[in-house]
There are 2 protein chains.
Amino acid sequence: MPLFLSTHVNKVDKKGRVSVPSGFRAALADQSFQGVVLFRSNNHECLEGFAYSYMEELGERLDNFDLFSSEQDDLATAIFADAVQLPLDGDGRVILPEGLAEFALLDGRAAFVGLGQKFQIWNPDKLEKRRNNARKAVRSNALTVPKGNGGAS
Amino acid sequence: MPLFLSTHVNKVDKKGRVSVPSGFRAALADQSFQGVVLFRSNNHECLEGFAYSYMEELGERLDNFDLFSSEQDDLATAIFADAVQLPLDGDGRVILPEGLAEFALLDGRAAFVGLGQKFQIWNPDKLEKRRNNARKAVRSNALTVPKGNGGAS
DNA sequence: TGGATATATATGGAATACCATGGAAAATTA
DNA sequence: TAATTTTCCATGGTATTCCATATATATCCA
């Protein structure tokens with residue numbers, strides 16, 4: 001299973017083009033759709049990115065909510081309605097839609113942050129704070145990665 | 001299952017290259033990805049190293065958290081965002097990214113410390129102190145190795 | 001047992017390939 | 001035709017590969 005790992009900062013040119021880090025492209029290699037899916041994060045001022053195949057899995061998970069529950073509706077709206085599907089060009093770049101770039105406060109540089117199954121795109125300056133907060137949270141809440149299905153509620 | 005054992009001190013050249021001890025390489029032999037994954041330790045001024053397969057396992061475990069929960073987000077950020085995936089070159093070396101070398105205070109030499117499933121990379125001088133402390137802790141707390149699935153919560 | 005040879009490992013430097021990036025050309029749309 | 005989007009190509013920088021040498025470890029034979 002390919003994972004999104006590490007952090008890479010790339011430039012956004014005036015046409016909104018950004019190189020997807022080559023390591024991330026490798027994680028997308030054997031997909032039917034050559035590209036990424038992006039949408040606004042619910043928790044931070046950043047973008048969330050997935051492989052297309054993972055979106056399908058997301059759909060299945062949402063099925064675990066009651067079909068007409070407001071939670072299901074809210075989540076589906078937040079995720080699917082807002083998502084954009086961006087193809088890679090011949091040189092491994094995508095074009096960030098203006099609205100998304102604005103939302104994530106991306107001026108000229110974009111930090112691709114690998115989070116395993118997904119990744120995020122941050123303004124490099126904002127990211128630094130976020131990182132420190134995450135580390136702090138892990139330490140102070142004594143968060144650990146559960147064995148087996150330990151995290152299931 | 002790969003086991004990392006013993007301690008080896010190797011040189012870091014000016015390009016940041018270090019030979020991974022051959023014993024460690026043997027532990028990585030039958031892996032899909034020929035290389036190691038490194039990130040900053042949360043507890044010490046050293047680096048932690050894993051086989052790629054271990055990261056895959058971590059990824060699966062993290063999947064057990066709700067996808068957009070802050071716990072999932074914090075853990076993934078703390079673990080995956082900081083991690084780097086380093087391939088072995090033809091001679092069994094990796095190149096240490098500058099940021100990581102700096103964090104672990106590695107100037108020209110790196111001590112690879114086998115810890116079973118994982119290993120650490122230390123500044124050889126700092127390691128000596130750490131070792132004494134660890135031995136002391138084991139003695140005074142009468143620490144022992146749990147048997148079977150002792151680690152399960 | 002000692003010495004010599006062979007094997008494996010570690011290390012340094014040079015050649016090569018890859019990737020990110022900027023700009024221009026071609027194609028598409030209005 | 002003008003404006004936009006998409007594809008293509010050129011370049012500089014960086015990372016990866018290749019080769020050559022030194023050091024240590026193991027093997028073999030006398």
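Proteins get letters first, then strands, A, B, ... in listed order; numbering begins at 1 in each.
- Note: CZ (F112(A)) to C1' (dA20(C)) measures 12 Å, nearest angstrom.
- In this entry the distance linking CD1 of I95(A) with P of dC8(D) reads 14 Å, nearest Å.
- Residue contacts for D91(A): at a heavy-atom cut-off of 4.0 Å it reaches a base atom on one of the strands shown.
- In this structure, S19(B) reaches the bases: a heavy-atom distance under 4.0 Å links it to at least one base atom across the strands shown.
- With 3.5 Å as the limit, one finds no donor-acceptor pair spanning the side chains of T77(B) and R135(A).
- No engagement by V12(B) is indicated, since no non-hydrogen atom pair under 4.0 Å with the nucleic acid exists.
- Nucleotides of DNA chain C nearest to R17(A) and H8(A) differ in position, and the one nearer the 5' end is that of H8(A).
- D13(B) has its CG atom 11 Å from the C1' atom of dA10(C), to the nearest Å.
- Of the two residues contacting DNA chain C, namely N10(B) and G23(A), the nearest-nucleotide position lying further toward the 5' end is that of N10(B).
- In this structure, the NZ atom of K11(A) is 14 Å from the C1' atom of dG23(C), given to the nearest Å.
- In the hydrophobic cluster analysis, where Ile, Leu, Val, Met, Phe, Trp and Tyr join through side-chain heavy atoms closer than 4.5 angstrom, V20(A) is grouped apart from V37(A).
- Atom CG of D89(A) and atom C1' of dA24(C) are 15 Å apart (whole Å).
- In this structure, R93(A) atom CZ and dC19(C) atom P are separated by 14 Å, rounded to whole Å.
- What separates CD of E98(B) from P of dT14(D) is a distance of 11 Å, to the nearest Å.
- A donor-acceptor contact under 3.5 angstrom links the side chains of D73(B) and Q120(A), judged on distance only.
- Between the CG atom of L96(A) and the C1' atom of dT5(D) there is a distance of 15 Å, given to the nearest Å.
- Between R93(A) and D91(A) a salt bridge is recorded (basic side-chain N to carboxylate O distance below 4.0 Å).
- For the pairing with F50(B), the ring pair (Phe, Tyr, Trp, His ring centres under 6.0 Å) check across F80(B), F39(B), F4(B), F119(B) returns one residue only, F39(B).
- Phosphate proximity of dC18(C) to R25(A): absent, as no side-chain N or O sits under 4.0 Å from OP1 or OP2.
- Contact annotation: K15(B) side-chain N/O to dG12(C) OP1/OP2 distance is not under 4.0 Å.
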